[in-house]
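Values reported hereafter were calculated over all heavy atoms of this structure, with side chains retained and with hydrogens, waters and symmetry mates removed. Just so we're on the same page: letters track the sequence lines, and every chain starts at 1.
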2 protein chains.
Amino acid sequence: MRSARINRVTTVKRLTLEEIGRLAGVSRSTVSRVVNDHPEVSPEVKRRVLATIEETGYRPNRAARSLVSSRTGLFGLVIPSRVRNVFQDPYFGRLIQGITSAANRAELTLSLFLFEDRREELDLYPRVIANGMLDGVIVTATTTADPLVDLMLQDRTPFITVGRPDYDAISHVDVSNREGAADGTRHLIEHGRSKLATITGPSNTTTGIDRRNGFLDAAADAGIEIDSRRVVEADFTESVAFEAATRLLDHPPDAIFCASDTMARGALRAIKGAGLRVPDDIAVVSFDGLVEAYETSPPLTTVAQPVRRTGEEAVRLLVDLTEGRAEPSSRIILPTELIVRRSCGCDD
Amino acid sequence: MRSARINRVTTVKRLTLEEIGRLAGVSRSTVSRVVNDHPEVSPEVKRRVLATIEETGYRPNRAARSLVSSRTGLFGLVIPSRVRNVFQDPYFGRLIQGITSAANRAELTLSLFLFEDRREELDLYPRVIANGMLDGVIVTATTTADPLVDLMLQDRTPFITVGRPDYDAISHVDVSNREGAADGTRHLIEHGRSKLATITGPSNTTTGIDRRNGFLDAAADAGIEIDSRRVVEADFTESVAFEAATRLLDHPPDAIFCASDTMARGALRAIKGAGLRVPDDIAVVSFDGLVEAYETSPPLTTVAQPVRRTGEEAVRLLVDLTEGRAEPSSRIILPTELIVRRSCGCDD
DNA sequence: AGCGCTCCTGGGAGCGCTCCCGAAACTACT
DNA sequence: AGTAGTTTCGGGAGCGCTCCCAGGAGCGCT
């Protein structure tokens, strides 16, 4: 263990522009120009100022800058309270990585807002949004009629959602949930399955709705009737999906389309628990592509979505929006891709 | 889909203290006193001011406040670049939940800093720490000789680490890794196992070191010799642990203590792949308590650590530190608890 | 009536920065 | 040499807030 030099300096005179100017023999304004890389500074002076900034380790005070520019360089990432066990599903982790990665590259700072309940969530607005603390906000996983979104709509700080929002005219980035779900379901049908079932996400989320509709689209296209008891709703968690799947097994389907990998794990567990085999008795296709092949048995066939890229695009869109480069209601839709493994009945 | 009222108001006069004062017929100062709940305001005036604040929806500008108070209400959570796949392991998710939950309660805002590489990580210091953007910082998962910690030590912004730091004199919160690991190992020994092995965390982390030492402590106490080939290092990921476990199986032990649940999953997969049974051939005990019983087969016996509480205590400690309530080098050590399931050889 | 006291309120100063305007210095012309 | 134009720099003003100090109002007391 190394011993630390704790330098609890009590009165470090905080360096200011004025002070640096004094040291370099120029004015406050000139130092400001150098710091902000304005052109009208002679090379000689610029060199001198840069040198004293270097040796003093001066950093401009952010609060003062924000006060005059009314920009903070701070962006918010909001994950609503509705999301139970955010990190149980690999989705959010991956999304956060994409977002932080893009944020780092753009040299902007990201605040994370997670909530335990609705009260905390609504408290966010007065506490950090209405007072101009954030230059922009990314809201994920909104529900239909999300009160936070309603509040944000009243405000001036730019925001986008990840996932299709309830309102039109809100900028967002999403993946082709409906088409992807249809692709996955079609694959099941091509395997000759016809007693199709699905475990959907919550019906108060657009993601849940879109993937369910994609499933229904594919079935309808193939002329397959879907009994409403074969459409069960869960909440993207493995335990609730387990229960949903168990209910499904009362009248066993020969194929299940699960709206997420995590839910597919629950379904797999339920099917095995009932003494049935995957894919022989029931074929399974899921959505996300976030679970490695070795993590389930059999390996999951899944509709992969580019989560990391979703995060990166979200940051890009938000920055474009704050700088007026993007249309107020642009949308970016990223493609999905079917990854064929074994749970669908394919050999490989 | 509801249609949105996008109110792109171009020139909203931002409300100020002065403005509110004018509306309420008092001065800027009086409004300030009301907002900050200072006592020397008459009830009648206070009521009137509060009323106009309410009806105008006024929120004090944070930048201006920060400028004079030199406090921002912003805290940072730093997860160093070393951590590959932060969210593959449930640990960080749980920790983040604990931290954000406590932060919400304390009405402080949390910024998240994740990095892809060392360069990004070191960039953090000049970009957000040295310019006083953060009131305090929580650094997790530091390695020995972490350059960021070295930088922070030079700075005045208070910081703590989660996990025992390399330096003494840095405030931190940690769990009893060494004792916990010894408990887990002792349990294996009580099952009559003597050919003990361990898969450790990285040897440049105090967590890796402490848990390995706990394992060695228990073995030594029982008079059991540990062949150095029975101590293999991994990096807390399941895939590297899989490889480490595979190496271990060249001279199969009859018990493995894994320094994390995630690594235990890798070990389980390797053992099964080799055609051996758990716990019959090899008993397994892990550390963390973050994996549900149904998630592995057999259910893992594990040394549970209170991750969520760790996060909460971290926030508490940091806040105490910034407000001068805590000693400059306090440490909080949380207890671990052995959760007995089946992988160790117990019946239930 | 005069004094001192407390209670409440208003306004000046200043936090560290950016923006703007004007002056100084220098150049290039007539 | 004088003028206009350009480049480079300094200082005032002000962002919205908090802190401090001064002063008025109201009170009870001598």
Side-chain angles (χ1 to χ4, degrees), chain A residues 11-50 52-53 56-74 127-128 130-135 156, chain B residues 11-50 52-53 56-74 127-128 130-135 156:
Chain A
T11 33
V12 205
K13 182 92 167 60
R14 233 185 119 69
L15 290 165
T16 67
L17 275 186
E18 200 80 54
E19 182 69 8
I20 300 296
R22 209 181 50 72
L23 292 174
V26 295
S27 79
R28 178 170 44 91
S29 307
T30 300
V31 181
S32 173
R33 277 186 274 260
V34 171
V35 169
N36 294 290
D37 216 25
H38 289 178
E40 61 280 84
V41 182
S42 72
E44 155 59 14
V45 168
K46 181 167 181 172
R47 197 198 49 70
R48 216 166 62 225
V49 171
L50 247 19
T52 81
I53 286 178
T56 54
Y58 165 77
R59 301 286 154 194
N61 180 298
R62 285 188 85 136
R65 279 189 152 171
S66 299
L67 182 56
V68 16
S69 65
S70 56
R71 312 242 299 69
T72 59
L74 241 194
R127 217 182 72 214
V128 287
N131 56 17
M133 191 186 207
L134 266 24
D135 283 355
R156 100 195 58 193
Chain B
T11 34
V12 204
K13 181 95 165 57
R14 223 169 134 78
L15 290 166
T16 67
L17 275 186
E18 200 79 53
E19 182 69 6
I20 299 297
R22 211 181 47 73
L23 292 173
V26 295
S27 78
R28 179 169 42 89
S29 307
T30 300
V31 181
S32 172
R33 277 185 273 259
V34 171
V35 170
N36 295 287
D37 215 26
H38 289 180
E40 61 280 83
V41 183
S42 72
E44 156 59 15
V45 169
K46 181 168 181 174
R47 200 198 47 71
R48 215 166 63 227
V49 171
L50 247 18
T52 82
I53 287 177
T56 53
Y58 165 77
R59 300 287 155 195
N61 180 297
R62 284 188 85 135
R65 279 190 152 172
S66 299
L67 183 56
V68 14
S69 66
S70 56
R71 317 256 272 85
T72 59
L74 239 195
R127 217 182 74 214
V128 287
N131 57 17
M133 190 188 208
L134 266 23
D135 282 355
R156 101 192 60 190

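A/Ser27 has a side-chain polar atom (N or O) that falls below the 4.0 Å cut-off from OP1 or OP2 of D/dG10. One finds a side-chain N or O of B/Arg65 lying less than 4.0 angstrom from the OP1 or OP2 phosphate oxygen of D/dT18. Note on B/Ser42: a side-chain N or O is less than 4.0 Å away from OP1 or OP2 of C/dT9. Here A/Asn61 does not reach the OP1 or OP2 of C/dC15: none of its side-chain N or O atoms lies under 4.0 Å away. Within the 4.0 Å cut-off from OP1 or OP2 of D/dC17, at least one side-chain nitrogen or oxygen of B/Tyr58 is found. Side-chain N/O atoms of B/Ser32 include none lying less than 4.0 angstrom from OP1 or OP2 on D/dC17.
Between the C1' atom of D/dC9 and the CD1 atom of A/Ile20 lies a distance of 18 Å, rounded to the nearest Å. For the pair A/His38 NE2 and D/dC9 P, the computed distance is 14 Å after rounding to whole Å. Straight-line distance from the NZ atom of A/Lys46 to the C1' atom of D/dT7: 15 Å, rounded to whole Å. Rounded to whole angstrom, the span from the CE atom of A/Met133 across to the C1' atom of D/dC17 amounts to 15 Å. Separating the CG atom of B/Asn36 from the C1' atom of D/dC17 is a distance of 9 Å, rounded to the nearest angstrom. Atoms CZ (A/Arg22) and C1' (C/dG16) sit 16 Å apart, rounded to a whole Å. Regarding B/Leu15, its CG atom lies at a distance of 10 Å from the P atom of D/dG16, rounded to whole Å. Distance A/Asn131 CG to D/dC15 P: 19 Å, rounded to the nearest Å.
Side-chain contact between B/Val35 and B/Ser32 is absent, with no heavy atoms from C-beta onward closer than 4.5 Å.
With rounding to the nearest 0.5 Å, the separation of CZ in A/Arg62 from OG1 in B/Thr72 is 10.0 Å. The structure places NZ of A/Lys46 at 12.5 Å from OG1 of A/Thr30, a figure rounded to the nearest 0.5 Å.
Nucleotide D/dT30: paired with C/dA1 (Watson-Crick or G-U wobble, both distances less than 3.5 Å). When both distances must be under 3.5 Å, the Watson-Crick or G-U wobble mate of C/dC7 is D/dG24.
Checking A/Ser29 against A/Pro39, the closest nucleotide of DNA chain D that is more toward the 5' end is the one next to A/Pro39. Positionally, the nearest nucleotide of DNA chain C for B/Arg33 lies more toward the 5' end than for the other of B/Val68 and B/Arg33.
You'll find that the side chain of A/Arg28 is closest to D/dA13, out of C/dT9, C/dG12, D/dA13.
No N or O donor and acceptor, one from the side chain of A/Arg62 and one from the base of C/dG16, sit under 3.5 Å apart. On a pure distance criterion of 3.5 Å, no polar donor-acceptor pair joins the side chain of B/Arg71 and the base of D/dT18.
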TODO: Test A/Glu18 against A/Arg22 for salt bridge (charged side-chain N to carboxylate O under 4.0 Å, His left out), laying out the working first.
DONE: CA-CA 6 Å; A/Glu18 200 80 54; A/Arg22 209 181 50 72; over 6 Å; no

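Side-chain N or O atoms of B/Asn61 include one that pairs as donor or acceptor with a backbone N or O of B/Ala63 at under 3.5 Å. Judged by distance alone, with hydrogens and angles left aside, the side-chain atoms of A/Arg28 form no donor-acceptor pair with the main-chain N or O of A/Leu17 at under 3.5 Å.
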